[in-house]
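Just so you know, these numbers use all the heavy atoms, side chains as well, and skip hydrogens, waters and symmetry mates. The model shown is predicted, which means the values in this text are computed figures rather than measured ones.
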Amino acid sequence: MDKVALASALGAPSGFGQSQFALTRGNAFEARVKADGGAELLRLVHSRLDAGAEPPAGAAVPDLSAQGPEGRTARTALALREATRTGGWTLLDHPMLALDVAGSLAFLEPDAVVVHPDGRWTVVEIKSFPMLDGSADSAKVGAAARQAAVYVLALEEVAARLAQEGEAAPRVRHRVLLVCPKDFSNLATASAVDVRKQRAVTARQLARLTLVEEIADSLPEGTCFAPDRPAEELAAAVEAVPAAYAPECLSACELAFHCRERSRAAGAVTRLGRPVRAELGGLSTVEDVLAAARGEHGDPDDPAVAALRRAAALRAEALGATRQEVSPCR
């Protein structure tokens, strides 16, 4: 489904995505890094990840254009096979990869993939946030690492298929190259980022996903998400799919604003964050939490209920002490 159009039709347009200024700045920086056949990019890969290899001079940059995402995916796999066979440095600019997500193919487009002379493959992520004195914002680096880990998983599937066809199994590196502007300039600098942890977490999450076919089979007959449907019908269709809103959704899902309003209306504690929800056990609504704190609801032996009542008692004690201190001043 087109989730952006669906969110707009529901009356909760998505604010998901980068600003036009950030996109323009990022595209300009990426073009600078990849200029002259990717000479600067390959220099950074060589110096940060493979200094013992032959310096990249005259690297191959194959044409990856093809019809549609399926054609581009096949062309990328062919270019990776040829580069691994021939040796030398090869730069794949915006290759297309495919990854199975809950039984449906998702097409991915890394900024670049570099094939080393020994046949290893490296994912390159180019970001427009700066590296100041050799380090960048940890939250942004973490997000880039998670993104690159998905590309690593997709490359591993390509490598596995080549191995099944009798090709020498290439090795996908778990250290990716993060390229950013240096300090406050437009010059490029880079850092190697180990994404083994992010790769393992993503692989586990993908393995646990419910298949799209199973979700579709569980929906009521006639459920439709076409944006031209009436808003009431669309809202009912979205409600038919289980969802648990959390603040983290705002940075990852186009329907986050719609789900946030529904969560607020239901008084769900998930809108306060998943860690809070995990601490509250069986108390799923704000009203249940307040009632448990007041001693009107919940099992006293439940650790979450006991903690809430203790917190409520401490709050009442603190407020009482504050009133006593303030009253003489009146």
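Y245 has its side chain out of reach of L255: every pair of non-hydrogen atoms, C-beta onward, lies at least 4.5 Å apart. Contact check for V289 versus L280: side-chain heavy atoms found under the 4.5 Å cut-off. K127 has its side chain out of reach of V141: every pair of non-hydrogen atoms, C-beta onward, lies at least 4.5 Å apart. Here the side chains of L91 and V61 are in contact, with some heavy-atom distance below 4.5 Å. Counting heavy atoms from C-beta on, the side chains of V124 and Y151 never come closer than 4.5 Å. At a threshold of 4.5 Å between non-hydrogen side-chain atoms, the residues P62 and L92 count as touching. Two residues are said to be in side-chain contact when any heavy atoms from C-beta on lie closer than 4.5 Å; R309 and R294 fail this criterion. Considering only heavy atoms from C-beta on, P110 comes within 4.5 Å of P95 through its side chain.
In plain terms, the two heavy atoms of V305 and H297 that are nearest each other are CG1-O, 4.2 Å. Residues A98 and A154 share a closest heavy-atom pair of O-CB, 3.9 Å. When every heavy atom of S218 is checked against every heavy atom of I215, the shortest pair comes out as OG-O, 2.7 Å. Residues L49 and A192 approach most closely at CD2-CB, 3.4 Å, considering heavy atoms. Between L10 and A231, the closest heavy-atom pair is CD2-O, 4.0 Å. The nearest pair of heavy atoms linking A83 to T90 is CB-OG1, 3.5 Å.
How far OG1 of T270 is from CZ of R260: 12.5 Å, rounded to the nearest 0.5 Å. Taking CG of L41 as the start and CD of E30 as the end, the distance is 9.0 Å to the nearest 0.5 Å. Here CD of E125 is found 12.5 Å from CZ of R146. Values are rounded to the nearest 0.5 Å. Taking CG from L308 and CG from D288, the interatomic distance works out to 11.0 Å, rounded to the nearest 0.5 Å. To the nearest 0.5 angstrom, L162 atom CG is 7.0 Å from T84 atom OG1. Here D118 contributes atom CG and D50 contributes atom CG; the two are 6.0 Å apart, rounded to the nearest 0.5 Å.
In this structure, L177 is not a member of the same hydrophobic cluster as F129, with clusters built from ILVMFWY side-chain heavy atoms closer than 4.5 Å. Residues V176 and L178 fall within the same hydrophobic cluster, defined by Ile, Leu, Val, Met, Phe, Trp and Tyr side chains chained together at heavy-atom separations under 4.5 Å. Using a 4.5 Å cut-off between side-chain heavy atoms of Ile, Leu, Val, Met, Phe, Trp and Tyr, with links allowed through other members, V158 and F107 fall into different hydrophobic clusters. L187 and M131 sit in two unconnected hydrophobic clusters of ILVMFWY residues. Membership requires side-chain heavy atoms under 4.5 Å apart, directly or through other members. Taking hydrophobic clusters as Ile, Leu, Val, Met, Phe, Trp and Tyr residues chained together by side-chain heavy-atom distances below 4.5 Å, W89 does not share a cluster with V113.
Side-chain atoms of D2 come within 3.5 Å of backbone atoms of A5 as a donor-acceptor pair (strictly under, hydrogens ignored). Between the side chain of D299 and the main chain of D301, a donor-acceptor pair closer than 3.5 Å is present. One N or O on the side chain of D183 and one on the backbone of D133 form a donor-acceptor pair closer than 3.5 Å. Between the T76 side chain and the M96 main chain, a donor and an acceptor come within less than 3.5 Å of each other. The backbone N or O of P220 lies less than 3.5 Å from a partner atom in the side chain of T223, making a donor-acceptor pair. Checked by atom type and distance alone, the side chain of R48 never pairs as donor or acceptor with a backbone atom of T189 at under 3.5 Å. Judged by distance alone, the side chain of T73 and the main-chain N or O of P69 form a donor-acceptor pair under 3.5 Å. Remark: the backbone N or O of I126 is paired with a side-chain donor or acceptor of D111 at under 3.5 angstrom.
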Show the numbers, then the answer: is there a side-chain contact (heavy atoms from CB on, under 4.5 Å) between V193 and R175?
CA-CA 5 Å; V193 180; R175 295 181 75 209; over 6 Å; no
Determine, step by step, whether R264 and E261 satisfy the salt bridge (charged side-chain N to carboxylate O under 4.0 Å, His left out) criterion, reporting the C-alpha distance in whole Å, the side-chain angles of both residues, the deciding distance to 0.1 Å, and the verdict.
CA-CA 5 Å; R264 284 174 175 171; E261 291 305 314; 3.2 Å; yes
Working note: V114 + L42, criterion side-chain contact (heavy atoms from CB on, under 4.5 Å); need CA distance, chi angles, decisive distance, verdict.
CA-CA 8 Å; V114 173; L42 290 167; 3.9 Å; yes
Chi angles and distances behind the side-chain contact (heavy atoms from CB on, under 4.5 Å) call for V238, L6
CA-CA 9 Å; V238 172; L6 180 59; 4.1 Å; yes
Evaluation steps, side-chain contact (heavy atoms from CB on, under 4.5 Å), between V101 and V212:
CA-CA 9 Å; V101 179; V212 173; over 6 Å; no
Stepwise salt bridge (charged side-chain N to carboxylate O under 4.0 Å, His left out) check, R199 with E156:
CA-CA 11 Å; R199 180 212 165 277; E156 288 177 348; 3.0 Å; yes
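By the 6.0 Å contact criterion, CD on E248 is enclosed, its count of non-hydrogen atoms from other residues, nucleotides or ligands being greater than 12. Other residues, nucleotides and ligands contribute over 12 non-hydrogen atoms within 6.0 Å of the CD atom of E296. With a 6.0 Å radius and a threshold of 12 heavy atoms from other residues, nucleotides or ligands, K182 has its NZ atom at or below the threshold. Summarising the local packing, CG of D228 is surrounded by more than 12 heavy atoms from other residues, nucleotides or ligands at distances under 6.0 Å. Around atom CD of E157, more than 12 heavy atoms belonging to other residues, nucleotides or ligands sit under 6.0 Å away.
Taking a cutoff of 4.0 Å between a charged side-chain nitrogen and a carboxylate oxygen, R43 and E40 qualify as a salt bridge. Between R72 and E70 there is no salt bridge, since no side-chain N of the basic residue sits under 4.0 Å from a carboxylate O of the acidic one.
Checked against V152 for a side-chain contact (heavy atoms from CB on, under 4.5 Å), the options T202, V172, T122 give a single hit: V172.
No hydrogens or angles considered: a donor-acceptor pair under 3.5 Å links the side chains of D63 and S65.
Annotation: ring-ring contact (aromatic ring centres under 6.0 Å, His included) contacts of H258 (sequence neighbours excluded): none.
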